[in-house]
2 protein chains.
Amino acid sequence: MGFQETFKALSDPVRREILVLLRDGRMSAGDIGAHFDMTGATMSYHFKQLKNADLITETKEKNFVYYELNTSVFDELVMWFEMMRGKKNEKIDMGDSTVPADGDGSGG
Amino acid sequence: MGFQETFKALSDPVRREILVLLRDGRMSAGDIGAHFDMTGATMSYHFKQLKNADLITETKEKNFVYYELNTSVFDELVMWFEMMRGKKNEKIDMGDSTVPADGDGSGG
DNA sequence: TATCTAATTAGAATTTTCTCTAAATACAAT
DNA sequence: ATTGTATTTAGAGAAAATTCTAATTAGATA
């Protein structure tokens, strides 16, 4: 959904590797899982995180589930990183609310 | 050091917000901490993660510690993301070792 | 219907991450 | 030397993430 989910999803090496696999095109859950030394249940957990982060999309066919990269999210990420390394004072809003409510009135 | 530390560091909203603050230039640990509703010890923990990920550098002056953005890591990240959304079959090596040792000899 | 295959969900165990309090370090100023 | 300020380190508790086994869902096939 937001950046939080996306960054969280990308923080796990298994999930990043799944994304790299999907660069070559869509794959079934089972075929992806064959590349890892983990149970299907665990793989399913990771697919869910990636779906939640909009990094992959899922389509069902027969009794298979296929996953595919959603590259549009990468576009947004690239923009964020370019903003981070770019000129100062460019407006930026991450949607995070980790700043206190200016309790001392100093206005920051 | 590697991508793993970098992505892990970026997965926390407090740490991303610290980076955004540092876009305006270097700041002391205390000044950064003033933007958050957390103890100095906790802030120090986050600084350590960011240093570990090479996302910030530290310089000591008098009894202050100043932190500064290291934008070169963002360059690498942008490259990674552009590779992810780009043409297939481009060589990619993330340094992760999450793939099993091809125990069945199928070779993938 | 019964059974097989593909994949997910549920629940528990383990590990990791985040945050705090208390104590320690380092430098500055009295 | 003592006190004060800025920051980190140590250790512990709470919360979140990762992984497993067992059970479940859903469709395909005999």
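When reading the values below, keep in mind they use all heavy atoms of this one structure, side chains included, and skip hydrogens, waters and symmetry mates. In what follows, chains carry the letters A, B, and so on, assigned in the order in which the sequence lines appear, proteins first and then strands, with residues in each chain numbered from 1.
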Residue set satisfying side chain to side chain contact (heavy atoms under 4.5 Å, CB included) with Thr39(A), at least two apart, ordered chain then number -> Ala41(A), Thr42(A)
Rounding to a whole Å, what distance do you find between Phe47(B):CZ and dT8(D):C1'?
11 Å
Roughly, in whole Å, what's the span from CE in Met27(B) to P in dT7(D)?
11 Å
Residues two or more places apart in sequence or in another chain: which of them pass side chain to side chain contact (heavy atoms under 4.5 Å, CB included) with Asp31(B)?
Met27(B), Ser28(B)
How would you list, by chain and number, every residue that makes a side chain to side chain contact (heavy atoms under 4.5 Å, CB included) with Tyr45(A), sequence neighbours excluded?
Arg15(A), Gln49(A)
Could you give the CE-to-P distance, from Met43(B) to dT19(C), as a whole number of Å?
9 Å
Using whole Å, what does the distance between atom P of nucleotide dA7(C) and atom OH of Tyr67(A) come to?
9 Å
Under 3.5 Å donor-acceptor pairs involving side-chain atoms of residues 68-75 of chain B, not counting sequence neighbours:
residue: Asn70(B); atom: OD1; partner: Ser72(B); partner atom: N; Å: 3.4
residue: Asn70(B); atom: OD1; partner: Ser72(B); partner atom: OG; Å: 3.0
residue: Asn70(B); atom: ND2; partner: Asp54(B); partner atom: O; Å: 2.8
residue: Asp75(B); atom: OD1; partner: Arg85(A); partner atom: NH1; Å: 2.7

Shared-cluster residues of Phe64(B), by chain and number - hydrophobic side chains joined below 4.5 Å:
Tyr66(B)
Roughly, in whole Å, what's the span from CZ in Phe64(B) to C1' in dT5(D)?
8 Å
Atom CD of Glu61(B) to atom C1' of dT7(D): distance rounded to whole Å?
15 Å
Looking at Lys48(B), I'd like to know whether one of its side-chain N or O atoms comes within less than 4.0 Å of OP1 or OP2 on dT9(D).
yes
By side chain to side chain donor-acceptor pair (under 3.5 Å), Glu76(A) pairs with (sequence neighbours left out) none
Could you tell me whether Tyr66(A) contacts a base, only the sugar-phosphate backbone, or nothing, with contacts defined as non-hydrogen atoms closer than 4.0 Å?
nothing
Heavy-atom donor-acceptor pair, Asn63(B) side-chain to dT7(D) base, under 3.5 Å
no
Could you work out how much the helix from dT1(C)-dA30(D) to dT30(C)-dA1(D) bends, comparing the axis of its first five pairs with that of its last five, to 10°?
0°
Atom-pair distance (NZ on Lys60(B); P on dT8(D)), nearest Å
7 Å
Can Lys51(A) and Glu58(A) be said to form a side chain to side chain contact (heavy atoms under 4.5 Å, CB included), step by step?
CA-CA 8 Å; Lys51(A) 269 188 292 176; Glu58(A) 138 191 319; 2.8 Å; yes
Nucleotide N/O of nucleotides 18-22 of chain D paired with protein N/O under 3.5 Å:
residue: dT18(D); atom: OP1; partner: Asp12(A); partner atom: OD2; Å: 3.1
residue: dT18(D); atom: OP1; partner: Arg15(A); partner atom: NH2; Å: 3.3
residue: dT18(D); atom: OP2; partner: Arg15(A); partner atom: NH1; Å: 3.1
residue: dT18(D); atom: OP2; partner: Arg15(A); partner atom: NH2; Å: 3.4
residue: dT18(D); atom: OP2; partner: Tyr45(A); partner atom: OH; Å: 2.8
residue: dT19(D); atom: OP2; partner: His46(A); partner atom: NE2; Å: 2.5
residue: dC20(D); atom: OP2; partner: Thr39(A); partner atom: N; Å: 3.2
residue: dC20(D); atom: OP2; partner: Thr39(A); partner atom: OG1; Å: 3.3
residue: dC20(D); atom: OP2; partner: Thr42(A); partner atom: OG1; Å: 2.7

Can we call the ring centroids of Phe81(A) and Trp80(B) under 6.0 Å apart?
no
Gap between atoms CD1 and P, on Ile56(B) and dT8(D) respectively (whole Å):
9 Å
Mind checking whether Leu22(A) and Ile32(A) have side chains closer than 4.5 Å, heavy atoms only?
yes
